[in-house]
*Asks:* 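Just passing along the structure, written as structure tokens.
Just so it is clear: chains get the letters A, B, ... in the order the sequence lines come, proteins before strands, and each one is counted from 1.
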Number of protein chains: 2
Amino acid sequence: MNPAFSENSQSDQESIRDKIVATADEFFAHYGFQKTTMDEIARKLHKAKGALYYYFKGKEELYTEVIKREIDTVRSALNEVIRQDTDPVAKLENYFTVRFKALNQCVNYHETMKADFRESYDFVNPVREEFEQYERQEIKNILSTGKSSGHFSLSDIDTSVDVIMILLNSIEVPLYLKGMYNKYQNIIFEMTTILFDGLKKNKP
Amino acid sequence: MNPAFSENSQSDQESIRDKIVATADEFFAHYGFQKTTMDEIARKLHKAKGALYYYFKGKEELYTEVIKREIDTVRSALNEVIRQDTDPVAKLENYFTVRFKALNQCVNYHETMKADFRESYDFVNPVREEFEQYERQEIKNILSTGKSSGHFSLSDIDTSVDVIMILLNSIEVPLYLKGMYNKYQNIIFEMTTILFDGLKKNKP
DNA sequence: GTTTGACCTTAAAACCAATTTGGTAAATTG
DNA sequence: CAATTTACCAAATTGGTTTTAAGGTCAAAC
């Protein structure tokens, strides 16, 4: 489970697991969850379908793993931004830019969002929620340090975080589900600017 | 067509048209576009189905009329806000509050938005687009006068309008489609506050 | 000018058989 | 024992057909 524990045999095991996830990713991204079959994935890997069930409980768990890795990519990119030693304003700005760009790559994640209007993909909710919690925490951190350092003037940080979270999540719909990411990029930039002028401390 | 031209006989005609729209509204709001039949609507009005086609070309036109009236309600409320002699900042704030509240009542309008992820209700697009154009114009007016009067500090008004329009439209998804309007009200308030601090001229 | 009711056409629902597919478990391999 | 296969089941999906219902039309009637 933990990569740090991987021995020779387990390294192979992980490697196969990874290959399964990678192949599943391709199919899911191409044909979506429903239209992808476990048999297809197995065949592509020159394995029998049953082998997949040695690594994953079922199709849903495999799909969830694919989504999880997509989200992890975003998280890594965001961690990189957070790690940097920049002032809170620049950090939050970077956070937004990187988030939109990285999330734009998450084909399967968008698929579930789109599908959520038709049917429910509840089984990915844990992943979504976990990421939301992560983001909430990180944004709160940035705002908190920004408030302490006098970069932001905020009365209630938690509410500000709520606002930002809702804005981030809301704007995903036109951006990704309607494929307007490239078209709206300059508008996103302007939006962040306005938002930041609102969050920033007014220069006295 | 124009109510100002209505004579006695035409007044009756308009009255019946209105009754049809009202009844249609009830059914559409209750069962949605697809599951409502023209026959149902006619029966409720103690008329034959054919009568409806004397006033409307078809089901889609009738539905569009229902949507149009919903939107007109919102527009009236907004016109009231615009009419008032308040400073641009307060006016735009009122605009937001009233818009969200009024739009929350438009059951059928939300139905089409929700449905747009499954199938397309293109025939209501003209209504949508017309309203969007109206909003764009009014918001631009407010921003323009706000800039002239020194309440707002804006470099490019058109882009600011774009940002506001996208934000307004984006946030409708969680607000109405996911029924979070009541839950999010204080967050909306805070959002407007932040947004306005961003738009307002920094006090020197 | 309105309304009706019979009528047409097409789209949706209901049905059913055939097939596919997710999932399991015993057997097999190395 | 870890990893994989094969054979198999039950449930879901698909394809095609029939039936039904619903949108829309029109001549006649009010």
Side-chain angles (χ1 to χ4, degrees), chain A residues 1-3 5-24 27-28 30-66 115 118-124, chain B residues 1-3 5-24 27-28 30-66 115 118-124:
Chain A
M1 199 173 274
N2 189 331
F5 289 170
S6 58
E7 303 153 22
N8 282 342
S9 63
Q10 281 195 346
S11 160
D12 287 352
Q13 182 182 329
E14 272 304 298
S15 167
I16 289 172
R17 223 187 104 102
D18 285 348
K19 273 179 194 156
I20 294 173
V21 176
T23 308
F27 278 100
F28 285 138
H30 219 67
Y31 305 105
F33 176 72
Q34 315 257 22
K35 288 177 185 166
T36 300
T37 73
M38 294 296 269
D39 207 66
E40 266 179 320
I41 299 170
R43 228 180 306 133
K44 181 75 174 257
L45 290 159
H46 304 291
K47 288 204 191 303
K49 184 177 57 172
L52 301 185
Y53 289 87
Y54 179 75
Y55 297 92
F56 299 95
K57 273 186 194 164
K59 196 183 178 185
E60 297 191 351
E61 190 179 286
L62 176 53
Y63 187 69
T64 306
E65 181 63 28
V66 169
R118 271 164 273 152
E119 62 244 277
S120 54
Y121 281 32
D122 332 6
F123 52 92
V124 293
Chain B
M1 203 172 272
N2 189 330
F5 288 170
S6 59
E7 302 153 23
N8 282 342
S9 64
Q10 281 196 347
S11 158
D12 285 353
Q13 181 181 328
E14 271 305 300
S15 165
I16 289 171
R17 225 188 102 101
D18 285 349
K19 273 180 194 155
I20 293 174
V21 176
T23 307
F27 277 99
F28 286 139
H30 218 68
Y31 305 105
F33 176 71
Q34 314 259 21
K35 288 178 186 167
T36 299
T37 73
M38 294 296 268
D39 208 66
E40 266 179 320
I41 298 170
R43 225 180 309 133
K44 181 73 175 262
L45 290 159
H46 304 291
K47 287 203 189 307
K49 185 176 55 171
L52 302 185
Y53 289 87
Y54 179 76
Y55 298 93
F56 299 94
K57 272 186 194 162
K59 194 183 180 184
E60 297 191 351
E61 190 178 286
L62 177 53
Y63 187 69
T64 306
E65 181 63 28
V66 170
R118 272 164 272 152
E119 62 244 279
S120 55
Y121 281 30
D122 331 5
F123 53 92
V124 293

*Asks:* More 5' along DNA chain D: A/Gly50 or A/Gln34, using each one's nearest nucleotide?
*Replies:*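 Comparing both residues, the 5'-ward one is A/Gly50.
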*Asks:* What is the distance, rounded to the nearest whole Å, between atom CZ of B/Arg43 and atom C1' of D/dA21?
*Replies:* 12 Å
*Asks:* Picking from D/dT4, C/dG23, D/dG23, which would you name as closest to the side chain of A/Lys59?
*Replies:* C/dG23
*Asks:* When all nucleic acid strands are considered with a 4.0 Å heavy-atom cut-off, which category describes B/Gly58: base, sugar-phosphate, or nothing?
*Replies:*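 B/Gly58: backbone/sugar contact only, no base atoms under 4.0 Å.
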*Asks:* So A/Glu65 and A/Ile20, do their side chains get closer than 4.5 Å, heavy atoms only?
*Replies:* no
*Asks:* When you get a sec, tell me which of C/dT3, C/dG23, D/dG24 is the closest nucleotide to the side chain of A/Tyr53?
*Replies:*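 Selected nucleotide (nearest to the side chain): C/dG23.
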*Asks:* Look at the side-chain N and O atoms of A/Tyr54 and state whether any lies under 4.0 Å from the OP1 or OP2 oxygen of D/dA3.
*Replies:*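 Looking at the OP1 and OP2 atoms of D/dA3, one of them is under 4.0 Å from a side-chain N or O of A/Tyr54.
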*Asks:* A/Ala48 side chain: which of C/dG5, D/dT6, D/dG24 is closest?
*Replies:* D/dT6
*Asks:* Between B/Phe123 and B/Phe33, how do the two ring planes meet: parallel, tilted or perpendicular, split at 30° and 60°?
*Replies:*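 It falls in the tilted class, 30° to 60°.
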*Asks:* Between C1' on D/dG23 and CZ on B/Phe33, what's the gap in Å once rounded to a whole number?
*Replies:* 10 Å
*Asks:* Without decimals, in angstroms, what is the distance between A/Lys35 NZ and D/dT14 C1'?
*Replies:* 13 Å
*Asks:* Are the side chains of B/Met38 and B/Phe27 in touch, meaning some heavy atoms are under 4.5 Å apart?
*Replies:*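 In short, these two side chains do not touch, never coming nearer than 4.5 Å.
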*Asks:* What's the NZ-C1' distance between B/Lys57 and D/dT25, to the nearest Å?
*Replies:* 15 Å
*Asks:* How many whole angstroms separate atom CD of A/Glu61 from atom P of C/dT24?
*Replies:*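 So the two atoms are 11 Å apart, to the nearest Å.
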*Asks:* Can a side chain N or O of B/Tyr55 be found less than 4.0 Å away from OP1 or OP2 on C/dT3?
*Replies:* yes
*Asks:* From CG of A/Leu52 over to C1' of D/dA3, roughly how many Å is that when rounded to an integer?
*Replies:* 12 Å
*Asks:* From the options C/dG22, C/dT2, D/dA22, select the nucleotide whose nearest atom is closest to the side chain of A/Met38.
*Replies:*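 Minimum distance to the A/Met38 side chain belongs to C/dG22.
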*Asks:* Within this structure, what is the CZ-to-C1' distance between A/Phe56 and C/dT21, rounded to whole angstrom?
*Replies:* 19 Å
*Asks:* Mind checking if A/Lys49 touches a base, just sugar-phosphate, or nothing, with heavy atoms under 4.0 Å?
*Replies:*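 Touches a base.
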*Asks:* Find the distance A/Ile16:CD1 to D/dA3:C1' and express it as a whole number of Å.
*Replies:*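 In whole Å, D/dA3 C1' lies 8 Å from A/Ile16 CD1.
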*Asks:* Can you tell if the side chain of B/Val21 reaches within under 4.5 Å of the side chain of B/Phe56, non-hydrogen atoms only?
*Replies:* yes
*Asks:* Hey, are A/Asp122 and A/Ser120 close enough side-chain-wise for a donor-acceptor pair under 3.5 Å?
*Replies:*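 Yes, a side-chain donor-acceptor pair sits under 3.5 Å.
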